[in-house]
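When a residue number appears, it is its place in the shown sequence, counting from 1.
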Amino acid sequence: MRTVVFWDFGGVVLSSPFEAFNRYEAANSLPKDFIRTVNATNPDSNAWALLERADIDADAFDRLFSKESHALGHRVPGADVLGLLKGEIRPAMVEALRRIKAAGLAQACLTNNVIGGDGVTNTAASGREAAIADIMAGFDAVIESSKVGCRKPEQRFYEIACSTMRVTPDQVVFLDDLGINLKTAAAMGMHTIKVIDPTVALRELEAAIGLELLG
């Protein structure tokens, strides 16, 4: 059995921002998944990567993403994209986090994020932000790309997470909604779970850690 759980945040604990991207695309007559295409072009050095490593601020992201999207056929302001990042809290995932903590297993949040966005530990404690802050407080550690200067799927990001938690990869189950982020973790020896259907993912997690999380 694995004894440590690493969680992605947006797309796992929260609903995926990709859903909001698709709604925006439909409303603005853009090709489906266009925003994801921009983010996947030059993925190590584009506006998205630079922002998640805190190499640029929101204003610079707005300008650079607009330029990158325009080069691919449709100008999209980066500020619009940042406004789409706030997913809905998934109660079943929050309950699983609570049960795992109560059972005494270690947990960490591994998030590619931006300063002031979901997953940042110093968000204002009001309304939705307070609920997210409560969730974040349940983790033993939070590894944020905007603070450590690297991001998933870079191996260094996972090495920092393991070092922070004082564990080896073969002790870890890692949940993420992106296969590219899971690939590096799996190669290091983590048990990986791709989150598409939250219920299916939690059943897989139950089997990996030997703990009932649903029902």
Side-chain angles (χ1 to χ4, degrees), residues 6-89 108-124 128-129 132 136 142-161 174-185 194-196:
F6 285 176
W7 299 82
D8 178 32
F9 201 66
V12 175
V13 180
L14 304 184
S15 62
S16 173
F18 299 155
E19 298 169 17
F21 289 174
N22 288 158
R23 289 192 295 270
Y24 178 93
E25 289 155 354
N28 290 275
S29 301
L30 297 169
K32 188 174 185 292
D33 293 330
F34 177 73
I35 294 173
R36 293 182 68 178
T37 298
V38 179
N39 289 341
T41 303
N42 301 318
D44 295 325
S45 59
N46 64 13
W48 193 251
L50 294 173
L51 186 66
E52 288 185 335
R53 288 194 291 258
D55 291 335
I56 59 175
D57 62 15
D59 288 339
F61 175 80
D62 181 35
R63 296 189 298 272
L64 185 55
F65 190 93
S66 179
K67 180 179 178 180
E68 291 173 349
S69 60
H70 181 67
L72 294 175
H74 305 274
R75 185 180 296 276
V76 177
D80 285 3
V81 176
L82 293 180
L84 300 172
L85 298 182
K86 296 185 179 298
E88 298 297 321
I89 295 170
C109 177
L110 278 60
T111 178
N112 283 354
N113 66 354
V114 300
I115 297 297
D118 284 338
V120 178
T121 54
N122 62 352
T123 50
R128 179 180 180 280
E129 288 76 18
I132 289 177
M136 302 307 284
V142 179
I143 314 301
E144 304 177 48
S145 65
S146 62
K147 292 185 177 179
V148 300
C150 54
R151 62 198 282 268
K152 298 175 291 184
E154 297 169 29
Q155 183 170 323
R156 178 59 181 153
F157 188 90
Y158 303 107
E159 291 172 345
I160 290 171
F174 175 44
L175 297 91
D176 201 293
D177 64 320
L178 297 181
I180 190 172
N181 290 343
L182 297 170
K183 185 176 181 180
T184 302
K194 186 173 182 179
V195 179
I196 300 173

Sub-3.5 Å donor-acceptor pair from the side chain of D44 to the main-chain atoms of A49, do we have one?
no
Quick one: closest heavy-atom pair of G10 and P17, and the distance?
C-CD, 4.3 Å
Residues forming a salt bridge (charged side-chain N to carboxylate O under 4.0 Å, His left out) with D80, sequence neighbours excluded:
none
Straight-line distance of F18 CZ to K32 NZ, nearest 0.5 Å
11.0 Å
Quick check: closest heavy atoms across G11 and V195, and the distance to 0.1 Å?
O-CG1, 4.0 Å
CD/Q155 to SG/C150 distance, rounded to the nearest 0.5 angstrom?
11.0 Å
Distance check, rounded to the nearest 0.5 Å: E52 atom CD versus F157 atom CZ?
9.0 Å
Quick one: side chain to side chain donor-acceptor pair (under 3.5 Å) pairs with a partner in residues 65-76, sequence neighbours left out?
S66-R75
E159 atom CD, neighbour heavy-atom count above 12 within 6.0 Å:
yes
Nearest-0.5 Å distance that lies between atom CE in M136 and atom CD in E129
13.0 Å
Under the side-chain contact (heavy atoms from CB on, under 4.5 Å) test against S145, which residue among L51, L110, N112 passes?
N112
Atom CG of L85 and atom CG of N113: how far apart are they, to the nearest 0.5 Å?
10.0 Å
Between N28 (side chain only) and L30 (backbone N and O only), is there a donor and an acceptor less than 3.5 Å apart?
no
When the ring centroid of F6 is compared with that of Y158, is the distance short of 6.0 Å?
no
Taking side chain to side chain donor-acceptor pair (under 3.5 Å) as the test, write out the residues that go with N42, two or more places apart.
none
Among residues two or more places apart or on two chains, list those pairs meeting side chain to side chain donor-acceptor pair (under 3.5 Å) that have a residue in residues 13-22.
N22-E25, N22-D33
If you take all heavy atoms of W48 and N39, which pair is closest and at what distance?
CB-OD1, 3.6 Å
Which value, rounded to the nearest 0.5 Å, describes the distance between L14 atom CG and R128 atom CZ?
6.0 Å
For T41, does its backbone N or O pair with a side-chain atom of N46 as donor and acceptor, under 3.5 Å?
yes
Is there a side-chain contact between V76 and V38 (heavy atoms, below 4.5 Å)?
no
Can you check whether P77 reaches D62 side chain to side chain, under 4.5 Å on heavy atoms?
yes
Closest heavy-atom contact between I35 and F65?
CG2-CZ, 4.1 Å
Report all side-chain donor-acceptor pairs from residues 177-185 shorter than 3.5 Å, counting only partners two or more places apart or in another chain.
| unit_1 | atom_1 | unit_2 | atom_2 | d |
| --- | --- | --- | --- | --- |
| N181 | ND2 | D176 | OD1 | 3.4 |
| N181 | ND2 | D176 | OD2 | 3.4 |
| T184 | OG1 | P153 | O | 2.9 |

Please enumerate all residues that pass side-chain contact (heavy atoms from CB on, under 4.5 Å) together with A20, with sequence neighbours excluded.
R23, L84
